[in-house]
Peer 1: 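My structure is below; once you've seen it, I'll send some questions.
Note that this is a predicted model, so its numbers are computed, not measured. Counting starts at 1 for both ligands and their atoms, following the listed order.
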Amino acid sequence: MVKATALVVPELNAPFEMRTVELDELRPNEVLVDLKATSICHTDLAVQAGKIPMPFPVVLGHEGAGVVRAVGSNVKDCEAGDHVILSYNFCGECRFCKEKKTYQCEKSAACNFGGSRQDGSQTILSDSTPFSTCFFGQSSFCNPAVVQETSIVKIDEKLPLPVVCALGCGFQTGAGAIYNVVKPIERKVQYLAIFGIGGVGCASVMAAHHLATTNPSTPFEIIAIDINPERLQLAKTLGATHVIDSMKEDLKSTVMTITAGRGLDAAVDCSGNMHVINGMLDLLGVGSLAVTVGSPPAGTKASVDVFDLLIGCKTYCGCHQGWAYAKEFIPSLAELYAKGQFPLESLQKTYPVQDINTACKDMLKGDVLKPVLLWE
Ligand SMILES: [Zn+2]
Ligand SMILES: [Zn+2]
């Protein structure tokens with residue numbers, strides 16, 4: 001029986017507790033990973049706070065990086081000793097998974113938030129109330145972690161694991177929204193706005209800046225919008241050409257001035273705030289595309305002027321995990337990082353694993369964009 005260290009949320013709104021646990025035997029499609037680092041994403045905190053329902057106690061964590069210790073008998077994507085990043089889970093069998101559109105897997109909710117393996121069993125054992133496990137196919141707040149092969153992304157072993165671990169969810173989402181959905185060069189976007197400059201929004205700014213600098217013959221403006229002046233300053237250093245503090249400036253008139261009255265060609269909302277989303281939808285120009293990346297609580301409705309949408313041929317679409325096939329997209333982002341074109345470290349702060357509750361507080365206060373827990 002393999003022993004592990006788990007950071008458990010014992011009940012709704014309770015802080016994380018460090019416990020020694022035992023892991024279930026590896027199934028044929030599972031991988032045992034010795035984690036070096038696990039980063040924290042807002043979705044972990046949303047479950048802790050009951051905004052996404054899962055039974056407690058729960059072992060969360062869905063951004064990790066480490067080295068493979070052992071593989072199940074059917075595993076083909078990696079072997080012992082490989083360096084890996086953990087990403088979201090998918091069924092691998094539905095019509096979308098078969099086309100590598102794993103981000104829109106029909107069983108996405110069950111695979112990522114189901115709280116167990118597909119057969120209902122748990123990867124982490126308990127002799128009292130069972131833990132909810134298999135969060136995003138990994139529950140990377142447990143080391144070593146039992147990970148579904150679908151969640152495994154193999155990477156170059158020269159990459160620093162504590163830096164690239166955060167590519168698994170938030171950064172993939174923000175960058176993918178630009179590379180895979182907005183596609184500013186192909187769509188001939190001139191005015192792109194990014195609403196909400198947290199970790200995800202920063203990844204969108206970095207991706208947009210990368211495309212702008214590598215395609216100098218098709219320049220476009222990158223407009224970052226937030227209510228936090230420090231984050232807007234950071235957005236400038238990452239490549240935003242304009243920043244708008246929507247607490248201090250009138251958003252609509254400022255955007256109309258920047259775009260010479262035509263409105264935005266593309267917009268990405270990373271805030272998940274309904275007021276911000278409705279504001280974004282109001283600023284779209286003819287033939288534009290607006291993308292929702294951040295989510296308000298399930299059941300919330302946005303407001304759209306349908307005639308305006310119709311006559312302007314505007315599109316408003318949802319985007320989960322940056323429409324990215326993680327097994328190929330994450331290595332490409334990691335390569336950009338290695339070339340200095342995706343400066344992840346500037347957004348991160350490291351903590352020893354036992355300081356997880358401090359790390360979460362710092363993130364919620366807005367002092368840290370991406371806390372990274374180090375396992376040793
Ligand atoms: Zn599927
Ligand atoms: Zn996440």
Peer 1: Quick one: do Glu93 and Lys98 make a salt bridge, cutoff under 4.0 Å?
Peer 2: no
Peer 1: Would you mind naming the N, O or S atom of His62 nearest to the Zn ion (ligand 2)?
Peer 2: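 Minimum-distance N/O/S atom of His62 relative to the Zn ion (ligand 2) is NE2.
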Peer 1: Could you check whether the rings of Tyr103 and Trp323 sit parallel, tilted or perpendicular, using 30° and 60° as the cut-offs?
Peer 2: parallel
Peer 1: I would like to know whether Phe135 and Phe141 meet ring-ring contact (aromatic ring centres under 6.0 Å, His included); could you show each step before the answer?
Peer 2: CA-CA 10 Å; Phe135 190 56; Phe141 288 159; 8.2 Å; no
Peer 1: Can any side-chain N or O of Gln48 pair as donor or acceptor with the backbone N or O of Ala14 at less than 3.5 Å?
Peer 2: yes
Peer 1: Report, rounded to 10°, the angle at the Zn ion (ligand 1) between the two atoms SG (Cys97) and SG (Cys105).
Peer 2: 100°
Peer 1: Examine Cys41 and say whether one of its N/O/S atoms is closer to the Zn ion (ligand 2) than 2.8 Å.
Peer 2: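 Yes, since at least one N, O or S atom of Cys41 sits under 2.8 Å from the Zn ion (ligand 2).
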